[in-house]
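Note sheet for the following structure.
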Amino acid sequence: MKVIPGKSIGPYLLGMTHQELFAVDRNYMMYGRIDFDSEGRANFIQIASGLHVEYDGLDVFCTLADRIVEHVSKVAKYNDYTESGCLYKFREIGLTFWRPYPTSEAYTLTDEFKALPLDEQEYRLEDLYFEVVGVFTPGTDL
C-alpha cells in the first residue's frame with residue numbers, strides 16, 4: 001500500500017465514511033485505526049506494521065526510522081511531540097510516524113547495548129523501525 005500524505009494509505013482515503021471504508025475492505029480496522037470527524041468522515045488513518053506500506057519508494061516498516069525522518073524532512077518539518085524520538089508529525093503535509101522507543105544505530109554499537117541480555121537486544125533492535133504510519137488533513141492538529 002502506498003502512503004500519500006494528507007490523502008490516503010492504500011485504498012483508505014481521508015473523507016471516506018464507515019460504509020465506504022467497509023466497501024473497500026471488510027477488515028479495514030484489523031491493522032490500524034481510523035478516526036472520524038463529526039460528519040462521520042475519516043480524518044485520520046493509521047496503519048500498523050504487518051502490512052507492506054510504502055512512502056515515496058521506502059518500505060515504511062523495513063527502513064530505519066532515522067532514514068525515513070531524514071527523507072521526509074527534505075519536504076516538510078516535523079514536530080516531535082514526545083521530544084523522545086518516538087512520534088513524528090509532519091503537520092504541513094499530513095503525515096505521522098510512531099515507534100515505542102527511540103533506538104539509534106549508534107546505540108547498538110555501545111557497550112551499554114552489548115551488555116543487555118540477547119532477548120532485550122533483539123527487542124531494542126525492533127525500535128530502529130517505525131511501527132505505525134498515519135495520514136491526516138494537512139495543517140490540522142491531531
With sequence neighbours left out, which residue pairs that include part of residues 52-67 fulfil the salt bridge (Lys or Arg N to Asp or Glu O under 4.0 Å) condition?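 Passing the test, one end in residues 52-67: Lys2-Glu54, Asp66-Arg99.
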Non-hydrogen atoms of [X] and [Y] that approach each other most closely:
| X | Y | result |
| --- | --- | --- |
| Thr17 | Phe36 | C-CE2, 4.1 Å |
| Val135 | Ser8 | CG1-O, 3.8 Å |
| Val60 | Ile68 | O-CD1, 3.3 Å |
| Phe44 | Gly134 | CE1-CA, 4.4 Å |
| Cys86 | Pro102 | SG-CD, 3.4 Å |

Would you call [X] and [Y] a side-chain contact if the rule is heavy atoms closer than 4.5 Å?
| X | Y | value |
| --- | --- | --- |
| Lys77 | Glu92 | yes |
| Tyr12 | Ile47 | yes |
| Tyr78 | Ser73 | yes |
| Pro5 | Tyr55 | yes |
| Leu64 | Tyr129 | yes |
| Gln46 | Ile34 | no |
| Leu95 | Val3 | yes |

Report the distance from atom OG1 of Thr63 to atom CD of Glu70, rounding to the nearest 0.5 Å.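 It comes to 12.0 Å.
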Distance (rounded to the nearest 0.5 Å) between Thr108 OG1 and Leu128 CG: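 Reported to 0.5 Å precision, the distance equals 6.0 Å.
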Partner residues of Phe61 under the ring pair (Phe, Tyr, Trp, His ring centres under 6.0 Å) criterion, sequence neighbours left out: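 With sequence neighbours excluded, Phe61 shows a ring pair (Phe, Tyr, Trp, His ring centres under 6.0 Å) to no residue whatsoever.
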For Phe130, all residues meeting ring pair (Phe, Tyr, Trp, His ring centres under 6.0 Å), sequence neighbours excluded: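 Only Tyr88, Phe97 meet the ring pair (Phe, Tyr, Trp, His ring centres under 6.0 Å) criterion with Phe130.
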Within 6.0 angstrom of Glu105 CD, more than 12 heavy atoms from elsewhere: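 Atom CD in Glu105 is not crowded, with 12 or fewer foreign heavy atoms closer than 6.0 Å.
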Does OH in Tyr107 sit with more than 12 non-hydrogen atoms of other residues, nucleotides or ligands closer than 6.0 Å?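 Correct, the count exceeds 12.
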[X] and [Y]: same hydrophobic cluster, using ILVMFWY side-chain contacts below 4.5 Å?
| X | Y | answer |
| --- | --- | --- |
| Val69 | Val72 | yes |
| Tyr101 | Tyr123 | no |
| Ile4 | Val133 | no |
| Leu13 | Ile93 | yes |

In chain order, what residues pass the side chain to side chain contact (heavy atoms under 4.5 Å, CB included) check against Pro100, with sequence neighbours excluded?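 Pro100 satisfies side chain to side chain contact (heavy atoms under 4.5 Å, CB included) with Trp98, Asp127, Glu131 once adjacent residues are dropped.
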Could you pull out all residues at least two apart from Glu120 that satisfy salt bridge (charged side-chain N to carboxylate O under 4.0 Å, His left out)?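 Salt bridge (charged side-chain N to carboxylate O under 4.0 Å, His left out) list for Glu120, sorted by chain: Arg124.
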Who are the salt bridge (charged side-chain N to carboxylate O under 4.0 Å, His left out) partners of Glu20, not counting sequence neighbours?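 With neighbours one apart ignored, the set is Arg41.
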Counting only N and O atoms by type, is there a donor-acceptor contact under 3.5 Å from the side chain of Thr137 to the main-chain atoms of Thr140?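 Absent.
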Quick check: does any side chain N or O of Gln121 sit under 3.5 Å from a backbone N or O of Lys114, one acting as donor and the other as acceptor?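 Yes, because the side chain of Gln121 sits within donor-acceptor range (under 3.5 Å) of the backbone of Lys114.
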Side chain to side chain contact (heavy atoms under 4.5 Å, CB included) evaluation trace for Ile45 with Leu14: CA-CA 7 Å; Ile45 300 169; Leu14 292 173; 3.9 Å; yes
